[in-house]
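A quick write-up on the structure given underneath.
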Amino acid sequence: MKKHLTVNSLVMTVTMILAVPMVSRASESPKFRERETTLCKDVFDQNIYYEGVNQLDLGRWGRKIFRKEIPAANVNVFDEVPDSSFFTNRHGRRRLSNEELAKGSAETAGPDLSAPMKITKGKQQGLHPGFFIEDAKGDRYCLKFDNEGSLELATAAEVAASRFYHAIGYHVPQYTVLRFKAEDITIGENAYTYDDTGFRKKMTPEILEQYLSFLPVTEDGEYLASASKIVPGKNVGHLSFRSRRQNDPEDPVNHRDRREIRALSVFSAWLNNNDIRESNTLEMAVTENGKTVLKRYLFDFNSAFGAAAGGAKPPMFGHEYAIDYGEITKAVFALGFWEKPWQEKWRRAREMPHKSPAIGYFSNDQFDPEDHKAQLPYEAFRVLTNADGFWAAKIIASFTDEDIRTMVKAGRYSRPEDEDYLVQTLAERRDLIAKYWFSKAAPLDAFEVLNGKLVFKDLAVRHGFVDGNTIRYVAEVSRPGKKKKIAALESREPSLVLDPSWTAEGGKAELRIRVVCGEEESPYVKVVLGGAGVEGVRHED
Amino acid sequence: MTRKCRNIIRVALVAVGIAAFAGASFAQQDTYAPVYPNGPLKAKRLKDPVSSLLELPFRLVKWPVDKSLVYIDNHHVADKAIYIYDRMKEYGFTPHLAFTDSAILPLMGGNADLVAVARQKEDYPDLIATASLRYAMDNRFVVDSEIGAQRIGETGFHSSGTFNFDHRSREPFYGIGPDTSLGDSSSVRMETTTLGYNVGYEFSPTLDLTGTFEFKENQLKHRAHKGKGDMTEIFAGRDIPGLYGGEELSWKAVLLRDTRDSHDEATRGSYQKLTFKFTEGVDSGKARFFTYQLDTAKYFRLGSPRRVLAVRFFGEHHDEVNGGEIPFYDMTRLGGMGSSQRTSETFRAFTYNRFYGESALLFNIEYRYAIWEYRDFRMNAAVFLDEGQTFNEFSAFKFSDFRESYGVGFYVSHSKHTVLNISVAHGDEGTKFYVKNKVAF
């Protein structure tokens with residue numbers, strides 16, 4: 001007994017000695033190194049470096065040859081993405097009200113114009129120049145503008161698109177539409193800017209006047225801007241779409257394997273935001289409960305819808321990467337006799353964007369959910385699996401036409417026709433994306449055990465993409481981890497009758513359910529049943 | 001425990017199961033809870049160790065490139081460079097960077113617009129006063145200057161005087177006529193000084209007639225140089241006119257019509273350049289000959305501006321007058337990518353100045369098509385065929401002397417200005433690669 005006590009004491013002592021520094025380490029906030037990136041670096045890394053070294057990745061070749069996928073690593077047992085500093089389930093989890101959709105992440109109504117806004121510095125980085133200002137309340141904002149002849153194009157797109165990204169679940173700064181007159185803006189004491197020369201210059205009334213003289217004005221003679229509120233915390237750089245921050249305990253998974261990062265390609269295809277890239281993200285270190293944590297933001301949405309730097313979106317955007325080796329190779333071998341989809345679309349549009357300058361170049365002609373491309377070929381977007389795509393499409397499909405209109409309205413388009421056109425285009429594109437990804441997976445969701453049956457929703461039927469009378473549901477039942485089939489089920493309704501004995505005595509059953517339409521069988525969705533009902537869901541990658 | 005008891009327990013358990021299934025729905029589960037299939041989340045490697053090792057040398061390059069690019073962006077280096085370039089141009093100085101015709105060597109220098117330097121551009125917009133200098137190490141040194149007016153008194157008349165000094169340290173020479181051998185590789189150091197006076201009339205923006213009076217001094221130095229033999233030794237005993245240079249006077253008339261929509265990336269239109277020239281040796285110089293030249297090209301859109309067929313014909317003939325001779329350095333030259341007065345004409349599978357002759361016929365046909373477009377950037381691919389020959393007298397012309405050159409090229413342009421031309425051409429003397437910042441025609 002004494003011996004036991006001695007051993008126990010020793011173990012406890014050692015544990016405490018080991019545990020003390022661990023506890024102290026845990027309570028310390030990690031120091032986050034700044035991750036720098038810029039447009040040029042992004043273009044070099046993604047278009048040149050990784051395009052090259054990816055060819056030396058033996059695992060990647062193996063996956064290509066044997067058609068293996070990399071499953072998302074951060075999905076829970078129900079095939080969902082739990083809330084994190086990257087993503088918060090919003091509309092996909094619980095329908096947001098019209099007020100919530102319209103408000104987005106906005107905390108204020110925008111800059112307070114009760115006193116002139118003070119310019120603190122010019123914004124030259126990124127594709128759209130602008131100003132950083134401080135308003136009467138001391139809140140800081142970044143103002144960005146439209147190009148001459150494109151009033152509302154970039155500003156409205158940015159504000160409206162921010163509502164979409166927020167409702168989907170990403171963290172975004174507050175964006176509001178701001179109309180102001182020349183007398184509403186003044187120059188702060190130490191304001192400076194970098195003009196076209198690239199040299200730092202003190203902001204002077206002449207520079208401001210010159211800048212404003214190039215901006216389009218509304219019919220009321222007001223300037224129009226998108227005002228993004230500066231997010232709190234210390235800027236520690238940009239979010240990598242590839243690797244994790246190793247010293248961040250809340251960042252345990254490489255970002256390439258995060259479903260919400262991969263799915264950015266699907267959401268951005270919906271919003272036609274081809275400028276989604278690492279340099280349009282932010283990681284902010286904030287203190288919560290005495291601990292420094294990172295909050296990840298997406299920002300800069302003024303290349304969404306039909307907008308791009310300089311005006312209407314160039315016709316190849318969304319169809320090709322900035323440097324698209326695959327498309328170039330195809331074009332070389334086609335000897336000029338292959339008209340690319342974007343070229344055909346552009347020809348049909350008589351090489352003109354939409355007649356309304358506020359719309360730019362945005363339509364669903366030649367839109368292909370499978371082939372839509374962001375500006376840069378991020379590997380995270382390429383490894384998107386069918387399950388990831390289904391997850392994204394499920395969220396997109398959760399937005400009704402009315403929801404879309406509510407968010408588009410946040411852009412405050414002055415012409416109702418422009419608002420109607422955008423709502424219609426986005427609704428059509430929502431359906432195209434949802435229909436495509438629902439066809440690439442078993443589009444079944446919301447599994448529940450009810451009255452001895454496994455009931456679920458068929459999202460393809462529910463959204464009218466498939467006639468419910470033409471399909472049936474088949475399931476193979478087995479024990480988890482075992483190949484041997486213990487039963488087969490079939491139903492014409494979205495429910496399957498269960499045998500209670502499968503889950504009796506603490507047993508578990510695994511159902512691989514497929515949707516059969518004629519001869520075609522969908523990929524499976526795996527549902528694990530146990531004593532507590534549905535214990536796991538996983539769509540086939 | 002008796003069997004009966006066990007059976008009762010089993011039945012009870014099944015009953016509990018049934019009750020669970022038959023009952024109302026289970027308590028609502030949180031399907032978004034951070035409960036993961038394999039316990040707490042763990043990072044998987046992005047790559048296997050072998051692939052990571054293969055990437056390692058490239059990572060060493062990536063780091064400085066990334067750092068440089070971030071520095072360039074954060075410090076607005078590109079804006080500064082463009083601003084400095086524009087300001088230099090405004091003050092009359094334009095830097096020049098290209099590649100030499102004979103090798104992939106940087107040809108650097110600059111151009112000074114003396115009117116702009118004197119801040120007189122606004123008062124005298126038509127005044128020309130330029131000086132330029134270009135240098136390629138161990139290859140070429142060129143000084144050019146021009147003074148005159150590009151428009152006299154609001155008319156189409158223009159006039160200018162020119163000075164040019166051109167030093168080429170290894171001008172290749174392989175013999176004269178179609179039957180020469182690449183093995184007879186020789187080179188000569190050539191220095192040309194030219195003084196000229198031009199007067200002309202511009203009938204319209206697309207049509208111009210210019211007359212030129214020119215004095216030219218050609219100084220040659222023969223030596224074996226960098227693997228190439230001494231011309232006087234290799235061609236000893238053969239009649240090579242102008243072997244020791246000389247001075248010349250020439251009178252020239254050039255009629256030029258140019259309707260191309262762009263010089264570098266023409267998709268329609270054509271140009272025709274017709275030249276008539278008389279050259280006469282000065283002092284004891286024996287040169288005395290006429291030159292007739294037609295250089296013409298046409299660009300056809302094949303249903304789209306993205307598909308262009310470019311066809312060029314170049315023909316030149318030199319005709320001796322009164323027993324005069326045609327120095328070899330005044331003869332027509334074929335070979336290389338270049339297409340200018342000072343370099344040999346486009347015959348891409350052959351080295352620069354590969355063929356010399358009193359006459360030449362050259363056909364270039366090129367199919368260009370767009371393969372990449374991104375904003376104002378564009379890349380065209382081109383498939384081309386060159387057919388040409390040099391010969392002396394028309395009586396010596398034979399169809400069988402035509403030589404072929406064919407290949408492919410990739411031309412990158414920005415706002416219709418070629419920034420990079422990478423071409424490869426093949427012919428019966430091998431394969432030639434080119435990296436240029438201009439297109440052949």
Side-chain angles (χ1 to χ4, degrees), chain A residues 36-41 44-45 49 52-53 56-59 73-74 76-78 80 82-83 89 93 124-125 194 196-199 242-244 252-254 256-257 314 316 320 322-324 327-328 331-332 335-336 343 448-452 498 500-501 503-505 531-534 536 538, chain B residues 10 13-14 16-18 20-26 29 31-37 40-48 50-51 54-55 58-59 61-62 65-66 69-70 72-83 302 304 306-307 367-375 379 381 383:
Chain A
E36 282 187 306
T37 192
T38 61
L39 176 60
C40 285
K41 178 178 174 288
F44 169 76
D45 285 357
Y49 181 78
V53 297
L56 302 174
D57 185 344
L58 306 178
N74 68 322
N76 69 7
V77 289
F78 295 106
E80 294 290 352
D83 294 349
N89 290 281
R93 179 177 195 166
Q124 290 296 319
Q125 279 184 326
Y194 291 88
D196 291 346
T197 68
F199 291 98
R242 181 178 168 81
S243 52
R244 69 194 186 98
V253 172
N254 278 316
R256 182 201 64 179
D257 299 336
M316 65 291 294
E320 290 187 10
I323 305 171
D324 197 319
E327 294 294 302
I328 290 172
V332 167
L335 295 172
Q343 290 170 341
E448 214 176 341
V449 176
L450 207 63
N451 299 325
L498 303 174
S501 66
T503 51
E505 297 182 37
V534 177
R538 190 77 197 226
Chain B
R10 263 190 206 134
L13 282 170
V14 172
V16 168
I18 291 169
F21 271 84
S25 67
F26 283 95
Q29 284 168 309
T31 52
Y32 295 88
V35 179
Y36 300 98
L41 293 180
K42 280 182 200 160
K44 283 183 190 162
R45 297 176 70 99
L46 286 163
K47 279 183 175 183
D48 58 276
V50 177
S51 302
L54 288 173
E55 189 192 333
F58 298 96
R59 289 196 80 82
V61 178
K62 180 177 180 281
V65 173
D66 280 349
L69 291 172
V70 168
I72 285 168
D73 269 350
N74 287 346
H75 293 83
H76 313 277
V77 174
D79 286 342
K80 283 174 180 150
I82 292 167
Y83 168 73
L302 302 180
S304 159
R306 294 192 177 91
R307 285 189 298 267
Y367 171 57
R368 299 170 182 167
Y369 57 101
I371 55 169
W372 173 69
E373 289 162 78
Y374 181 78
R375 290 187 175 270
M379 179 155 52
V383 184

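The chains referred to below are lettered A, B, ... by the order of the sequence lines, with proteins before strands, and numbering in each begins at 1.
Looking at heavy atoms from C-beta onward, A:F44 lies in side-chain contact with B:D66 at the 4.5 angstrom threshold. Considering only heavy atoms from C-beta on, A:N254 stays 4.5 Å or farther from B:K44 through its side chain. In this structure, the side chains of A:I323 and B:Y374 stay at 4.5 Å or more apart for every pair of heavy atoms. For the pair A:L335 and B:Y369, the minimum side-chain heavy-atom distance is below 4.5 Å. The shortest distance between side-chain heavy atoms of A:R242 and B:L46 falls below 4.5 Å. Between A:V53 and B:K62 there is no side-chain heavy-atom pair separated by less than 4.5 Å.
With respect to chain A, the highest number of heavy-atom pairs below 4.5 Å among B:K47, B:M379, B:R45, B:R368 belongs to B:K47. Heavy-atom pairs under 4.5 Å with chain A were tallied for B:V383, B:L41, B:V50, B:I82; the largest tally goes to B:L41. Chosen from A:L56, A:L58, A:T197, the residue pairing most often with chain B at heavy-atom distances under 4.5 Å is A:T197. Of the listed residues (A:Q343, A:E36, A:E327), the greatest number of heavy-atom pairs within a distance under 4.5 Å of chain B belongs to A:Q343. In terms of heavy-atom pairs under 4.5 Å with chain B, the best-connected choice from A:D324, A:V77, A:N74 is A:V77.
For B:R59, the parts sitting under 4.5 Å from any heavy atom of chain A are the backbone and the side chain alike. For A:R93, the parts lying under 4.5 angstrom from a heavy atom of chain B are both the backbone and the side chain. Looking at B:V65, only its side chain comes within 4.5 Å of chain A, counting heavy atoms on both sides. For A:F199, the parts lying near chain B are the backbone and the side chain together; criterion is any non-hydrogen pair under 4.5 Å. For B:Y32, the parts sitting under 4.5 Å from any heavy atom of chain A are the backbone and the side chain alike. Using a 4.5 Å cut-off between heavy atoms, A:A73 contacts chain B through its backbone alone, with no side-chain atom that close.
Taken from OH in A:Y194 to NE2 in B:H75, the straight-line distance is 7.0 Å, to the nearest 0.5 Å. One distance of note links OG1 of A:T37 with CG of B:D73; it measures 8.5 Å at 0.5 Å rounding. Of the inter-residue distances, the one linking A:T38 atom OG1 with B:I72 atom CD1 reads 9.0 Å to the nearest 0.5 angstrom. Within the model, atoms CG of B:D48 and CG of A:D57 stand 6.0 Å from one another, a figure rounded to the nearest 0.5 Å. Between the CD1 atom in A:I328 and the CD atom in B:E373 there is a gap of 11.0 Å [rounded to 0.5 Å].
Looking at every heavy atom in both residues, A:G336 comes nearest to B:R307 through O-NH1, 2.8 Å. Nearest heavy atoms, A:R244 versus B:A43: NE-CB, 3.3 Å. Between A:G198 and B:K80, the shortest heavy-atom contact is O-CE, 2.9 Å. Across all non-hydrogen atoms, the minimal contact from B:P34 to A:P82 is CA-CG, 3.7 Å.
Side chain of A:N76 to main chain of B:T31: a donor-acceptor pair is present (N/O by atom type, distance under 3.5 Å, no hydrogens or angles).
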